[in-house]
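Structure record follows, encoded as structure tokens.
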Amino acid sequence: MKKRILIVGAGFSGAVMARELAEQGYLVEVIDKRGHVAGNCHTEIDDETGIMVHVHGPHIFHTDDQLVWDYINSFAEMMPYTCQVKATTGNKVYSLPINLLTINQFFNKSLSPIQAMNFIKSISEPKEHIRSFEDQALNFLGRELYEAFFHGYPLKQWGLDPSVLPASILKRLPIRFNYNDNYFNHKHQGIPREGYTKLVEKILSHERIKVNLNRNFVATDISDSDHIFYTGPLDEWFKHKGGRLGYRSLRFEASRHTGDFQGCAVMSYPDVEVPFTRITEHKHFTPWQSFNKTIVFHEYSHYCGHDDTPYYPIRLVEEKKILSNYVEMAEQEENVTFLGRLGTYRYLDMDVTIKEALNASRQFIDLDSKQQDVPVFFDRPL
Ligand SMILES: Cc1cc2nc3c(=O)[nH]c(=O)nc-3n(C[C@H](O)[C@H](O)[C@H](O)COP(=O)(O)OP(=O)(O)OC[C@H]3O[C@@H](n4cnc5c(N)ncnc54)[C@H](O)[C@@H]3O)c2cc1C
């Protein structure tokens, strides 16, 4: 049995893996280069206002997976929360995702669902060959809604014109013909009462888990353990020998005010003239609390430089070429498994992250008990 396990990264991937292995008798060391656990889901209390802040951008837990929901509820009290996003475009405020209220307000009409469906059909611009995000949006929505809500946002978020982004990004019709403005369609939705960092600390609180923070992974760590689960960036493991996998990074500009700044948690700004993508007002994530002051983050997106935090994997044609070389290189490695959003270079929601870590831990334990080879990926990046 592989007894000593090193886990690089104390986000949800690393923490769930650590807990599952520790419960089965493995000795687990978890290291993270940051000074806190929970990775990009990190929350902390702002000293000045007392408000819980989502340090790396707003995180709402949502899932249809009962097993994952039960898992998360065994470590934290999940408070009911419904994500309702607003958008300011052309100096007016609308409800997102585009729904019957958005359509009626935008076009100054009072359409019923069926009338709205026919109306949108009449203004959509069907294309014979749908090649890009722009083609797809025009096909689904028509030009006016596309230009107001879908043209500027990808430009700012991805730094790319929608005419060169793949159509696959907009798989489904991004519009509802009713007044449902719940951003997510999932059965369960919530926010941990004490925040994500406390939740992950609880997952990691086990007698066979040792957590070392402010500790960067170095090559000599390899020889001290029987197996490594690596949740850091895949290209970093190979010292970027095959080039850098592209990410978008985010910058958050914090400001504090009195009262209520915008009346909701997330206000999106699709207009291209506005330099930020959205404003998050953190106190609205904890409606069970009340505060006189408030703290807001203006969010700016940019290409991830060498010293920036990687947020969203870009995964266009060029990046996929680089990725496929790294996958080949990874297949040659031994005693390491790459896991999570950075280890497999995919965008993963928290519930998917947890599900994948739970599945990977079960498969690892099974293979290890039979002394069989452990794969480098349980979930393949491509
Ligand atoms: C802006 C934004 C908003 C999001 N909102 C939501 C949401 O509302 N709902 C939702 O379900 N999901 C959301 N997500 C996704 C969520 O953040 C991920 O599912 C989650 O962070 C994945 O966990 P992870 O452990 O795989 O990665 P991470 O959380 O990134 O953890 C990886 C850890 O590895 C550490 N590390 C990296 N390299 C090294 C090294 N060399 N040595 C030591 N440590 C290292 C890092 O410091 C980090 O702590 C959002 C993501 C972003 C970017």
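First listed ligand is number 1; within each ligand, the first listed atom is number 1.
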Where is the nearest protein heavy atom to [atom]: which residue, which atom, and how far?
atom                    : result
atom 4 (C) of ligand 1  : His59 NE2, 3.4 Å
atom 9 (N) of ligand 1  : Ile60 O, 2.8 Å
atom 44 (N) of ligand 1 : Lys33 N, 3.1 Å
atom 53 (C) of ligand 1 : Tyr311 CD2, 3.5 Å
atom 41 (N) of ligand 1 : Asn216 OD1, 3.0 Å
atom 18 (C) of ligand 1 : Leu348 O, 3.2 Å
atom 25 (O) of ligand 1 : Ser13 N, 3.0 Å
atom 2 (C) of ligand 1  : Tyr312 OH, 3.5 Å

Point to revise | ring-ring contact (aromatic ring centres under 6.0 Å, His included) between His282 and Phe297, worked out | key: CA-CA 8 Å; His282 295 269; Phe297 279 9; 4.4 Å; yes
Using ring centroids (six-membered ring only for Trp), state whether [Y] and [X] fall under 6.0 Å.
X      : Y      : result
Phe119 : Phe107 : yes
Tyr196 : Phe61  : no
Tyr247 : Tyr312 : no
Tyr326 : Trp237 : no
His151 : Tyr146 : yes

Review point. Hey, looking at atom 21 (O) of ligand 1, which of Cys41, Gly11, Pro233 has the closest heavy atom?
Key: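 Comparing heavy atoms across Cys41, Gly11, Pro233, the nearest one to atom 21 (O) of ligand 1 lies in Cys41.
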Exercise for review: Would you indicate which of Tyr247, Phe252, Tyr347 comes nearest to atom 14 (N) of ligand 1 when only heavy atoms are counted?
Suggested key: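 Of the listed residues, Tyr347 has the closest heavy atom.
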Below 4.0 angstrom, N of the basic side chain to O of the carboxylate: do [X] and [Y] qualify?
X      : Y      : value
Asp226 : Arg4   : yes
Lys320 : Glu318 : no
Arg256 : Asp46  : yes
Asp366 : Lys370 : yes
Glu331 : Arg380 : yes

Point to revise | contact_flag Phe61 ligand 1 heavy-atom lt 4.0 Å | key: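 Under 4.0 Å: no for Phe61.
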Exercise for review: Could you tell me if any non-hydrogen atom of Arg215 lies under 4.0 Å from any atom of ligand 1?
Suggested key: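 So Arg215 counts as touching ligand 1.
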Does [X], backbone or side chain, put an N or O under 3.5 Å from an N or O of ligand 1?
X      : answer
Arg278 : no
Phe184 : no
Gly57  : no
Glu299 : no
Ala10  : no

Check your understanding: Considering only heavy atoms, does Val37 approach ligand 1 within less than 4.0 Å through its side chain, its backbone, both, or neither?
Key ->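 The answer is neither; Val37 stays 4.0 Å or more away.
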Review point. Is ligand 1 under 4.0 Å from a heavy atom in the side chain of Ala15, in the backbone, in both, or in neither?
Key: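 It is neither; nothing of Ala15 touches ligand 1.
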Review point. Hey, what's the ring geometry for Phe261 with His298, parallel, tilted or perpendicular (30° and 60° as the breaks)?
Key: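 Aromatic pair Phe261/His298 classed perpendicular.
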Review point. Regarding Thr344 and Asp379, is there a side-chain donor-to-acceptor distance under 3.5 Å anywhere?
Key: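 No.
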Check your understanding: Does any donor atom in the side chain of Asn182 or Arg176 lie under 3.5 Å from an acceptor atom in the other side chain?
Key ->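 Arg176 and Asn182 do not have a side-chain donor-acceptor pair below 3.5 Å.
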Those atoms of ligand 1 less than 4.0 Å from some heavy atom in [X]:
X      : result
His56  : 1 (C)
Val8   : 40 (C), 42 (N), 43 (C), 44 (N)
Leu250 : 1 (C)
Thr353 : 19 (O), 22 (C), 23 (O), 26 (O)
Glu236 : 41 (N)
Gly340 : 26 (O)
Gly39  : 29 (O), 31 (O), 48 (C), 49 (O)
Gly232 : 37 (C), 38 (N)

Review point. How about Tyr26 and Phe364: do any of their side-chain heavy atoms sit closer than 4.5 Å?
Key: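 Answer yes - side chains close enough.
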Review point. In Å, rounded to the nearest 0.5 Å, how long is the span from CD1 of Ile31 to CG of Leu213?
Key: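 Separation between the atoms: 10.0 Å.
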